[in-house]
A.B. asks: 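Starting off with a structure, shown below.
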Amino acid sequence: MKLENIIKNAGVIEVRGSRDIEITDICNDSRTVTPGAIFIAVKGHDSDGHAYIGKALASGAAAIVYEDEEALKKAASEYSGSAPVLVKVGNSRHAVAMMAADFFGNPSRKLNLVGITGTNGKTTTVTLLYRLFMAQGYNCGLLSTIANFVGIKRIETTNTTADPITINRLMSEMADAGCEFCFMEVSSIGVEQERIAGLDFKVGIFSNLTHDHLDYHKTFAEYLRCKKLFFDNLPATATAITNIDDKNGEVMVQNTKAKVVRYSCRSIADHTCRIMEETFEGMLLKIDGRETWTRLIGQHNAYNILAVYSTAIALGAAPEETLVAISKLESAPGRLEVIRGPRNISVVIDYAHTPDAMENVLKTLKDIDGGKELICLFGCGGDRDKTKRPEMAKVAEDYADKIVVTSDNSRTERTEDIMDDIRKGFSSKGLAKAIFIADRKEAIRTAIMFAKAGAVILLAGKGHETYQIIGTEHRHFDEREVVAEVFNIISGE
């Protein structure tokens, strides 16, 4: 593709060299640059792509897009090869998103693109939507925390919202594979960093807004602003679907140009839902006056399913057929995943890693099996929002009979320091029923071995993850394997 066609929407300030050259690839990672590619030096949160301009030049980049003149001069002074075309832009974050969309032929316009943002429920909702539409015979794509899918082809993922080049490359694959729909998680960080700029959304969904990512956004107001910006930027041709039971549900859509659809489990709305019955096997729901069974459990999943139903209707699906299809769906991996064991012990694995998410799960478990011993095992991620650590302790104290505080992804923080932050959230009553075990495998073993017959044990925070991040190393750690090992020991007693 000609350089001129790639940079036409990038906010160009100056071009030094020919706009007519042929570009073979687009990169924002200098390690992926090949001869003839264009390299965009993006100023990121943790690193600055301008520092890698020299490496991109050495790898044969045909063009360099930048915004920092001094950084470019420094890189050029250390380079003795032939001069590439230099493109100066006002905002390299915005530029890379717009350029990626144009380079790949604006693939989001060839799909019915659905994005969901909110603190909790994003992964479950997009996974259910993907499975729902695939089951109804449509070829679909999925961009989620757990994995990306192009039809049935699975592609591993690293971020809730990938970088713009990866997003557009995957959507291009989806369009080429005949996908009609793409369901995508949209994080607040992804919005703030303009990773979704240039994408054409047909539907935007808001789930809820609670405490998270304040290590990045610093204030709750800024966190809210970034979520709201997703809806502010939706076009008039799109539909904005919002949970009005959340106090920020109306705030999210107050400035959107899109058509607004509201859903609620508590009040009058365009789409409503009530839980009629609930067991560990599932829930009987009444959605818009019609009853349907789901294998999912918990009030938070009633909201997730209602969001799925509302989105399906907005995309033209028939209500009756949608409810039948919903009744056959299973949740995303690591979301209220129940493992039954000896002595009638139930271990529940869930990704809950915010105070609100963990409260939702604990309340669900207590409502279903209120008379049984409820044990909560959790930790908090290192190098992340520290203010939620004592709040997690308070939630565990309010709902659990016993508490095991352990490691999560400690990253570069000491696990003991993280546990000390959690400890500060307990009252004397909470501390009396809490134990602190840094090794997560040993903590799980202890929780199960000392549980009463019939106990329910929540392992919170890891969910679908099959690793722990200690320092900068990803170490294999699958809670299902640990649980199976302990259950085998108990069975052999």
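Everything numeric in this text was worked out from a predicted model, so none of it was measured.
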A.B. asks: Would R169 and F103 count as a cation-pi pair here, with the cationic atom under 6.0 angstrom from the ring centre and within 45° of the axis?
C.D. replies: no
A.B. asks: When you compare the side chain of Q468 with that of H474, does any pair of heavy atoms fall below 4.5 Å?
C.D. replies: no
A.B. asks: So for atom NZ, which belongs to K2, do other residues, nucleotides or ligands contribute more than 12 heavy atoms lying within a distance under 6.0 Å?
C.D. replies: yes
A.B. asks: What do you reckon, are the aromatic ring centroids of F181 and F133 less than 6.0 Å apart?
C.D. replies: yes
A.B. asks: For M184, which of N148, L170, I196, T117 qualifies under side-chain contact (heavy atoms from CB on, under 4.5 Å)?
C.D. replies: I196
A.B. asks: Using the ring of Y66 (Phe, Tyr or Trp, six-membered ring only), decide whether K43 places NZ or CZ under 6.0 Å from its centre and within 45 degrees of its axis.
C.D. replies: no
A.B. asks: For the ring pair Y467 and H476, is the centre-to-centre distance below 6.0 Å?
C.D. replies: no
A.B. asks: Working note: T354 + D356, criterion side chain to side chain donor-acceptor pair (under 3.5 Å); need CA distance, chi angles, decisive distance, verdict.
C.D. replies: CA-CA 5 Å; T354 67; D356 182 70; 5.4 Å; no
A.B. asks: Ring centroids only, cut at 6.0 angstrom: are H353 and Y351 within range, meaning strictly under it?
C.D. replies: yes
A.B. asks: In this structure, are over 12 heavy atoms from other groups packed under 6.0 Å from K259 atom NZ?
C.D. replies: no
A.B. asks: Given N28, which partner from the list V65, V42, T166 fulfils the side-chain contact (heavy atoms from CB on, under 4.5 Å) test?
C.D. replies: V42
A.B. asks: Just by modelled atom types, is the S410 backbone N or O under 3.5 Å from a matching donor or acceptor in the S407 side chain?
C.D. replies: no
A.B. asks: What side chain to side chain donor-acceptor pair (under 3.5 Å) pairs are there with at least one residue in residues 239-249, not counting sequence neighbours?
C.D. replies: D245-S264, D245-Y303
A.B. asks: E185 and T123: side chain to side chain donor-acceptor pair (under 3.5 Å), yes or no, with the steps?
C.D. replies: CA-CA 7 Å; E185 290 187 51; T123 302; 2.7 Å; yes
A.B. asks: Tell me which pairs pass salt bridge (Lys or Arg N to Asp or Glu O under 4.0 Å) where either residue lies in residues 197-208, with sequence neighbours left out.
C.D. replies: D200-K202
